[in-house]
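What you are looking at is a predicted structure, and each value in this text was computed from that prediction instead of being measured.
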Amino acid sequence: MTNAKSVFISYRRLTSKDITGRIYDRLVAHFGENSVFKDVDSIPFGVNFCHHLEQEVSHCPVLLAIIDPQWLRVTDAHGNPKLANPSDWVRVEIEAALRRDRLVIPVLVNGATLPDDTALPEGLRGLVHRQSAVVRCDPDFHRDLDRLIHRIEGVFGSLTVASSPPPLVANPVNGQAAVAVLAPVTASKPAQPSAVRPMGRRRWLRLTGLGLLGGGTAMAVRQQVPALQTLTPGDVSQAVPSLATLPDRLQKALEQGEGPAPEPEFSGLEPLEPALPEPVTPEPEVPTLEVSDSGELYSYESVSVDEYGMGRSQVKFSTPSHKALRLETPIGPVTLRLVSIIGGQFVLGAPATELGHDPSQPPQTIAAVDSFWMSVHPITQGQWRAVALLPAVNRELDPNPAYFTGNDRPVEQVSWQEAVEFCDRLNELIKTHSDQPGLRRYRLPTEAEWEYACRAKTTTPFHTGQTLTTELANYNGTKPYRQEPVGQFRGTTTAVGAFGKANDFGLYDMHGNVLEWCSPNRDVSSKDTWRVVRGGSWQSPPQQCRSAYRAGLKADTRSNEVGFRIVGEG
C-alpha cells in the first residue's frame with residue numbers, strides 16, 4: 001500500500017525506460033523507496049487490472065507522466081496506437097489521476113513536446129493544460145530534477161494530513177471520547193490551546209493500530225477541537241463519564257503492545273502518552289545460501305551486425321548448463337546467475353590491422369583456458385549489498401558505493417581489492433554450507449578467461465561483428481566505429497541486460513556499461529599495484545569496448561566506470 005505522500009510514475013517502458021530509471025533513482029534518494037512507484041508488476045491474478053491501477057493511483061497525490069518523442073506514436077502488435085485503447089496501462093493511469101484531480105505533471109524527456117489535445121483521447125486532453133516539466137540529459141539532468149523535486153515538495157507541504165493528529169478524537173458511534181491529550185489544568189483555570197501537548201504521528205498511528213483511536217474519524221471532528229480544549233476537569237467528567245478510567249486502559253494497552261511503560265514525568269493530571277523506550281537496533285541478519293540447478297533451460301538471443309550496423313543474423317540459444325546462487329537476506333532474496341563456459345583454445349589479442357589497435361599492446365598469441373562458470377551480468381548493486389552483509393574476511397565493504405544508483409545497475413566505485421573481498425566472502429559462506437551441491441570457489445576472471453568469454457568463438461572486434469551500436473550496448477556512440485549511424489551517449493550506467501541481447505555464450509554487457517576488473521596473470525608480481533580492466537564503460541568510445549581492449553588501473557582505484565563480474569569453479 002502506498003503512503004499519503006507518494007509519487008506515481010507513468011511511462012512507456014519501450015521508449016523511455018532508461019531516463020525514467022534515472023528519474024526514479026533521484027526521487028527515491030530524496031523521498032525514500034516506499035514513496036515512489038513506477039511499476040505495478042504485482043497485480044493479483046483474476047483482478048481487474050484497470051480497477052487495480054486506479055486504486056494504486058488514488059493513493060498518490062502526484063503522478064508524473066513521462067512523455068518522450070515516441071509517446072504518442074507507440075503502437076500495439078496490430079499497428080494501432082496504444083493510447084487509442086481504453087485498457088492501455090498508461091492511459092488508465094493518467095486518466096485515473098486526472099479524474100481524481102491529482103496533481104499530474106507532464107515530464108518532457110529526450111526533447112519531447114506536449115502533444116496537441118486533438119491528438120489525445122478525450123479522457124487525456126486535460127493533460128495538455130497542466131504545467132509541464134522538462135528533464136534534459138547531462139549536464140542539465142540534476143538541475144532539472146532539483147526543480148521537479150522542489151515542486152513536488154510544495155505539493156506535499158500543502159497536504160491536509162498534519163504531522164500531528166488532532167488533540168482529541170471522538171467516536172461518533174458511541175458518543176464517547178476515544179483519546180484526549182490535555183495539559184495539566186486546575187479546577188479554576190481552563191486549559192489554554194497553547195498548553196496542549198501534541199501527540200507524535202508515530203504514536204498516533206500506533207494507537208490507531210491498537211484500536212484506541214478511530215483513524216477514519218480524525219478529520220471529521222477537527223472543528224470541535226477549539227471548544228473541547230477549553231473544558232475544565234469537572235466539565236470533562238460530566239460530559240465524558242468514562243474518561244477517568246482512560247489512563248489505566250491506555251497504559252494497559254501500551255504494556256501489552258510495547259512492554260512495560262516508564263513512569264509519567266508529570267504530576268497532577270497524568271499524561272496519556274507515556275514516553276517510549278529507546279528503540280533497540282537489531283543486529284543485521286547474515287544472509288543464507290541456496291545453490292540451485294533448476295533443470296530449466298537458460299534461453300537468450302545473440303545478434304551480429306555488419307559494418308553499417310545492420311543486423312546480419314539473430315540466433316536463439318538454450319542451455320541447461322547454468323546455476324543460480326540464491327542469497328536469502330533481510331532485504332529479500334537476491335539471485336546471482338552463472339552460465340557454463342566450455343574451455344578451449346583461441347587467439348588472444350587483436351591483429352595490427354584492427355581499427356583501434358594499439359601497437360603498445362601485447363601481440364596476438366594462442367591461448368588456452370579450462371572450462372569455468374561466469375556470472376551472466378556484471379555484479380549488480382543488489383547482489384553487492386547482499387554480500388556486503390556477510391562477515392568481513394580481509395576488509396570492510398561499503399554496501400552502497402555506486403554513483404549511479406539502482407539495484408539492477410552494475411555496482412561501480414569498487415576497488416580491485418574490494419572485488420576480491422566480495423569473492424572471499426562468498427567462499428567463506430560456501431564453506432558453511434558444504435552440504436549443498438554446486439560451485440566451491442568464486443574469484444575474478446583472468447584476462448584470458450575474460451576475453452575468451454567475451455569473444456564467444458568470434459574473431460571480429462566485437463562479439464556482435466565488425467562494429468557495435470548503441471542499440472546493443474551502453475557506450476559513447478557519438479563517434480561511430482565504422483559506417484554505422486551516429487549513436488547516443490547516455491552519460492550513465494544502465495540496468496544489466498537492458499538491451500536484451502547476449503553473446504553466443506549467454507553473457508550480457510561484455511561491451512560497455514562498466515569496465516571489469518580481472519585477476520593478474522601468473523607472471524605478475526603480487527607486489528604489483530596495477531591491475532587490468534576489460535570491456536569498456538558507459539563513457540568509452542567504441543574503440544575501447546573491443547574484445548581485445550585492455551587498460552591498467554591502480555588496484556585501489558574507485559571509479560563510476562569500473563565494476564566486475566565473477567568466475568566460479570566446481
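Considering only heavy atoms from C-beta on, Gln466 stays 4.5 Å or farther from Val305 through its side chain. When side chains are defined from C-beta on, Tyr508 does not count as touching Arg565, because their heavy atoms never get closer than 4.5 Å. Residues Met374 and Leu507 form a side-chain contact, since some pair of their non-hydrogen atoms from C-beta on lies under 4.5 Å apart. In this structure the side chain of Val109 never reaches within 4.5 angstrom of the side chain of Tyr11, judged on heavy atoms. Contact annotation: the side chain of Arg326 approaches that of Pro333 to within less than 4.5 Å [non-hydrogen atoms, C-beta and beyond]. In this structure the side chain of Val36 reaches within 4.5 angstrom of the side chain of Ile9, judged on heavy atoms. Annotation: side chain of Trp89 is not in contact with side chain of Lys82 (no heavy-atom distance under 4.5 Å). Between Leu64 and Val7 there is a side-chain heavy-atom pair separated by less than 4.5 Å.
Under 3.5 Å, the side chains of Ser35 and Ser6 contain no donor-acceptor pair of N or O atoms. For the 3.5 Å distance criterion, the side chains of Thr494 and Asp18 fail to qualify, holding no donor opposite an acceptor. Side-chain atoms of Gln383 and His377 include no donor-acceptor pair closer than 3.5 Å. Between the side chains of Trp450 and Glu516, a donor-acceptor pair is found at a separation under 3.5 Å. For the residue pair Thr15 / Gln70, no side-chain donor-acceptor distance below 3.5 Å is found, with atom types taken as modelled. With hydrogens and angles left out, the side-chain atoms of Asp504 and Ser302 include a donor and acceptor closer than 3.5 Å. No hydrogens or angles considered: a donor-acceptor pair under 3.5 Å links the side chains of Ser304 and Ser313. Between the side chains of Asn513 and Arg409, no donor N or O sits under 3.5 Å from an acceptor N or O.
The number of heavy-atom neighbours closer than 6.0 Å to CD of Glu301, taken from other residues, nucleotides and ligands shown, is above 12.
Glu418 places a side-chain N or O within donor-acceptor distance of the main-chain N or O of Ser415, the cut-off being under 3.5 Å. With Tyr475 contributing its side chain and Phe489 its backbone, the two residues share no donor-acceptor pair below 3.5 Å. Side-chain atoms of Arg151 never come within 3.5 Å of backbone atoms of Asp146 as a donor-acceptor pair (strictly under, hydrogens ignored). The closest donor-acceptor contact from the side chain of Arg534 to the backbone of Tyr549 lies under 3.5 Å. No side-chain donor-acceptor contact under 3.5 Å links Asn110 to the backbone of Asp68. For Arg546 (side chain) and Pro461 (main-chain N/O), no donor-acceptor pair under 3.5 Å exists by modelled atom type. Here the side chain of Tyr300 pairs no donor or acceptor atom with the backbone of Gly500 at under 3.5 angstrom. The closest donor-acceptor contact from the side chain of Arg91 to the backbone of Leu83 lies under 3.5 Å.
Checked for salt-bridge contact, Asp140 and Arg143 meet the test: a charged N lies under 4.0 Å from a carboxylate O. At a threshold of 4.0 Å, the pair Glu471-Lys501 does not count as salt-bridged, since none of the basic side-chain nitrogens sits closer than that to a carboxylate oxygen. A salt bridge is defined here as a Lys NZ or Arg NE, NH1 or NH2 lying under 4.0 Å from an Asp or Glu carboxylate O, and Asp88 with Arg12 meets this definition. A salt bridge links Arg147 with Asp144: at least one charged nitrogen is closer than 4.0 Å to a carboxylate oxygen. For the pair Arg312 and Asp306, the salt-bridge criterion is not met [side-chain N within less than 4.0 Å of a carboxylate O].
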task = In sequence, state the C-alpha distance, the side-chain angles, and the governing distance for Ile94 and Leu98, and then conclude on side chain to side chain contact (heavy atoms under 4.5 Å, CB included).
result = CA-CA 6 Å; Ile94 298 176; Leu98 292 171; 3.9 Å; yes
task = Determine, step by step, whether Phe141 and Thr492 satisfy the side chain to side chain contact (heavy atoms under 4.5 Å, CB included) criterion, reporting the C-alpha distance in whole Å, the side-chain angles of both residues, the deciding distance to 0.1 Å, and the verdict.
result = CA-CA 11 Å; Phe141 176 81; Thr492 179; over 6 Å; no
message = If you apply the rule side chain to side chain contact (heavy atoms under 4.5 Å, CB included), what do you find for Asn400 with Thr405, and how did you get there?
response = CA-CA 8 Å; Asn400 298 292; Thr405 57; over 6 Å; no
task = In sequence, state the C-alpha distance, the side-chain angles, and the governing distance for Gln314 and Val303, and then conclude on side chain to side chain contact (heavy atoms under 4.5 Å, CB included).
result = CA-CA 4 Å; Gln314 180 167 313; Val303 298; 3.6 Å; yes
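Scanning all heavy atoms of the two residues, the minimum distance from Trp517 to Thr557 falls at CZ2-O, 3.6 Å. Here the closest heavy-atom approach between residue Ser299 and residue Ser318 is recorded as OG-OG, 2.9 Å. Nearest approach of Ala453 to Asn503, heavy atoms of both residues: O-ND2, 2.9 Å. Residue Leu114 comes nearest to Pro106 through the heavy atom pair CD2-CB, 3.8 Å, listed as atom of the first residue, atom of the second, then distance. Taking both residues in full, the closest heavy atoms of Leu327 and Ala386 are given as CD1-CB, 4.0 Å, listed atom of the first, atom of the second, then distance. Closest approach of Leu124 to Leu120, counting heavy atoms only: O-CD1, 3.6 Å.
In this pair, Phe462 and His511 present their aromatic rings perpendicular. The plane angle is above 60°, beyond the 30 to 60° band.
Ring-centre distance between Trp384 and Phe422: below the 6.0 Å cut-off. If you look at Tyr442 and Trp373, their ring centroids are not closer than 6.0 Å. Centroid-to-centroid, the aromatic rings of Phe37 and Phe8 stay 6.0 Å apart or farther.
Once rounded to the nearest 0.5 Å, the distance linking CZ of Arg490 with CD of Gln539 reads 14.5 Å. In this structure, OG in Ser540 is found 5.0 Å from CG in Leu515, a value given to the nearest 0.5 Å. Between the CG atom of Asn476 and the OG atom of Ser537 there is a distance of 9.0 Å, given to the nearest 0.5 Å. Note that CZ of Arg385 is 8.5 Å distant from OG1 of Thr380, once rounded to the nearest 0.5 Å. Rounding to the nearest 0.5 Å places OG of Ser375 at 12.5 Å from CZ of Arg337. In this structure, the separation between CD on Gln543 and OH on Tyr481 is 6.5 Å, given to the nearest 0.5 Å.
Put simply, the residue from Glu307, Arg482, Glu484 that forms a side-chain hydrogen bond (donor to acceptor under 3.5 Å, both in side chains) with Thr467 is Glu484.
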